[in-house]
2 protein chains.
Amino acid sequence: MNTQEFAGRSDPSGPVADIATVLQALADPVRLAMVRSLAGSVEPICCSSFQVPVTKSTLSHHFRVLRGAGLIEQRAEGTRKLTTLRRAEIDAAYPGLVETLVRAPLELPESLELDEAVRESELAAGALAG
Amino acid sequence: MNTQEFAGRSDPSGPVADIATVLQALADPVRLAMVRSLAGSVEPICCSSFQVPVTKSTLSHHFRVLRGAGLIEQRAEGTRKLTTLRRAEIDAAYPGLVETLVRAPLELPESLELDEAVRESELAAGALAG
DNA sequence: ACAATAGTTCGATGGCTGTCAAACAATGAA
DNA sequence: TTCATTGTTTGACAGCCATCGAACTATTGT
């Protein structure tokens with residue numbers, strides 16, 4: 001469970017990790033916000049569209065952790081890298097988990113706000129769910 | 001989210017904490033095993049019956065974190081302290097979460113098995129005694 | 001009263017990890 | 001080619017936190 005050194009896997013096509021690894025990946029506020037944002041939009045999200053208050057290197061680190069837990073997939077498109085939540089695989093491994101994360105009211109610790117598009121999609125998802 | 005210093009609350013009668021705090025509380029392998037064990041038995045569990053490979057002070061620390069997240073309740077009975085999972089409250093706040101934790105197959109990092117640890121220690125004790 | 005049991009609290013500590021800046025790699029545009 | 005954009009990697013660092021031992025409190029039993 002070392003997120004600093006190469007955490008197990010770089011290929012995201014494998015299975016979702018064990019529950020302990022998944023929980024640890026979700027335990028960070030920034031990563032939780034990223035996952036919630038990914039779950040809110042069906043379209044893959046570009047890396048730089050995450051409006052989290054961290055540098056790109058830190059963001060890359062968080063992506064690696066999420067990838068290592070088998071929670072996301074990334075596909076290069078030009079210089080960009082589109083990220084998608086592996087919703088089907090996660091739901092198959094841990095039914096209802098993503099749903100719980102999305103539905104949970106979340107107070108952001110450090111104005112961990114996302115951009116307006118993401119917020120709108122979250123609102124849309126909430127409207128659909130509600 | 002500081003688990004070292006006094007983490008918010010000592011009274012466990014309040015609501016379950018926000019999802020970020022809950023996830024961080026569950027992210028530790030020892031605490032996850034404790035919660036899974038608590039979820040497995042309807043009866044409250046005595047503190048010393050957790051066969052996790054940590055000292056009692058560390059165990060006390062983990063109980064405080066779980067209490068701070070609103071996941072457990074503790075009630076003194078003589079010198080003992082019985083611990084119960086706040087299953088109803090957790091289910092109300094995050095439906096299906098405990099179910100996910102219980103159902104998830106868990107590989108233990110350091111033979112962190114509860115019932116098996118008991119069996120193994122008994123076997124070891126028997127082997128030593130016999 | 002005395003000892004034993006059950007937990008808590010307090011310091012200290014080592015390892016983990018989230019964070020950043022800088023350097024690097026890859027791709028697309030001028 | 002040259003520059004701009006995007007993201008990764010590396011090294012360093014600070015803070016958090018799981019862990020322990022020791023001292024302490026509280027309750028029960030002898």
Side-chain angles (χ1 to χ4, degrees), chain A residues 1-12 20-21 23-35 44-69 72-84 108-110 112, chain B residues 1-12 20-21 23-35 44-69 72-84 108-110 112:
Chain A
M1 264 191 300
N2 206 335
T3 62
Q4 202 81 340
E5 64 182 53
F6 203 71
R9 151 199 4 178
S10 62
D11 182 41
T21 301
L23 287 173
Q24 196 170 21
L26 296 173
D28 182 82
V30 173
R31 287 195 293 266
L32 178 59
M34 292 165 68
V35 168
I45 293 185
C46 172
C47 182
S48 58
S49 71
F50 287 94
Q51 293 290 99
V52 288
V54 292
T55 64
K56 56 180 182 175
S57 57
T58 302
L59 198 60
S60 185
H61 160 68
H62 286 312
F63 273 124
R64 177 153 73 167
V65 174
L66 292 175
R67 228 165 39 223
I72 63 172
E73 258 178 15
Q74 287 181 312
R75 140 179 85 87
E77 178 155 311
T79 78
R80 309 219 168 150
K81 198 169 241 183
L82 300 183
T83 302
T84 57
L108 291 317
E110 289 285 313
L112 203 56
Chain B
M1 232 140 21
N2 206 335
T3 62
Q4 202 80 337
E5 63 183 53
F6 202 71
R9 148 195 12 176
S10 60
D11 181 42
T21 302
L23 288 173
Q24 195 170 22
L26 296 173
D28 183 83
V30 173
R31 287 195 293 266
L32 178 58
M34 291 165 68
V35 168
I45 293 185
C46 172
C47 182
S48 59
S49 69
F50 287 93
Q51 293 290 100
V52 288
V54 292
T55 63
K56 57 179 182 175
S57 57
T58 301
L59 198 60
S60 185
H61 160 68
H62 285 312
F63 274 124
R64 178 155 70 167
V65 175
L66 292 176
R67 228 165 39 223
I72 63 172
E73 259 178 16
Q74 288 183 310
R75 141 177 85 87
E77 178 154 313
T79 77
R80 310 216 169 155
K81 199 170 242 185
L82 300 183
T83 302
T84 57
L108 291 319
E110 292 285 315
L112 203 56

It should be established whether [X] places a side-chain nitrogen or oxygen under 4.0 Å from OP1 or OP2 of nucleotide [N].
X: His61(A); N: dG7(D); answer: no
X: Arg64(A); N: dG7(D); answer: no
X: Gln24(A); N: dT17(C); answer: yes

Interatomic distance, Leu66(A) atom CG to Ile72(A) atom CD1 [nearest 0.5 angstrom]: 5.0 Å
OG1 on Thr83(B) to CD on Gln74(B), rounded to 0.5 Å: 3.5 Å
Starting from [atom2] on [N], measure out to [atom1] on [X] and report it in whole angstrom.
X: Leu82(A); N: dG7(D); atom1: CG; atom2: C1'; result: 13 Å
X: Leu26(A); N: dG18(C); atom1: CG; atom2: P; result: 12 Å
X: Met34(B); N: dT19(D); atom1: CE; atom2: C1'; result: 14 Å
X: Phe63(A); N: dT9(D); atom1: CZ; atom2: P; result: 13 Å
X: Arg75(B); N: dA6(C); atom1: CZ; atom2: C1'; result: 16 Å
X: Lys81(B); N: dT27(D); atom1: NZ; atom2: P; result: 11 Å
X: Leu59(A); N: dC20(C); atom1: CG; atom2: P; result: 10 Å
X: Arg80(B); N: dT28(D); atom1: CZ; atom2: C1'; result: 11 Å

Sugar-phosphate, base or nothing in reach of Lys56(B), heavy atoms under 4.0 Å: base
[X] side chain, from C-beta outward: closest of [options]:
X: Val54(B); options: dT8(D), dT19(D), dT9(C); value: dT19(D)
X: Thr58(A); options: dT19(C), dT27(D), dC17(D); value: dT19(C)
X: His62(A); options: dC20(D), dT19(C), dT8(C); value: dT19(C)
X: Thr79(B); options: dT8(D), dT5(C), dT17(C); value: dT5(C)
X: Ser57(A); options: dC20(C), dT9(C), dT19(C); value: dC20(C)

Derivation and outcome, side chain to side chain contact (heavy atoms under 4.5 Å, CB included), residues Val65(B) and Gln24(B): CA-CA 9 Å; Val65(B) 175; Gln24(B) 195 170 22; over 6 Å; no
Closest heavy-atom pair and its distance - Asp28(A), Val30(A): OD2-N, 2.9 Å
Residue pair Arg75(A) / Thr84(A), side-chain heavy-atom distance below 4.5 Å: no
